[in-house]
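None of these values were measured; they are calculated from a predicted model. Only this structure's heavy atoms are used, side chains among them; waters, hydrogens and symmetry mates stay out.
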Amino acid sequence: MSEDVVRRVPGSFALRYEGDGHALYTSGVPCVIAHVNRYLLSLRLPVPGTVCRPAA
């Protein structure tokens with residue numbers, strides 16, 4: 001998602017992923033799943049600048 005798009009939506013946040021792929025939630029990326037689930041359950045956003053990386 002473009003940083004420009006994120007700035008246009010008040011209160012939005014882009015979770016950065018340093019790896020390849022799309023549909024990271026359904027692909028089973030643990031870091032992404034944890035942040036999305038936390039948001040859906042409690043509306044808590046990750047700290048700005050949070051980066052998810054591929055599992056080692």
Contacts of type salt bridge (Lys or Arg N to Asp or Glu O under 4.0 Å), residue Arg44, not counting sequence neighbours: none
For Arg38, salt bridge (Lys or Arg N to Asp or Glu O under 4.0 Å) partners two or more places apart: none
Counterpart residues, side chain to side chain contact (heavy atoms under 4.5 Å, CB included), relative to Val51 (two or more places apart): Arg16, Glu18, Arg53
Under the side chain to side chain contact (heavy atoms under 4.5 Å, CB included) test, residues paired with Tyr17 that sit two or more places apart: Leu24, Val29, Val32, Cys52, Pro54
Shortest non-hydrogen contact from Pro46 toward Phe13: CG-CE2, 3.7 Å
Cluster overlap Ile33 with Val47, hydrophobic side-chain contacts below 4.5 Å: no
Of all pairs that satisfy side-chain hydrogen bond (donor to acceptor under 3.5 Å, both in side chains), the ones with a partner from residues 22-33, not counting sequence neighbours: Tyr25-Asn37
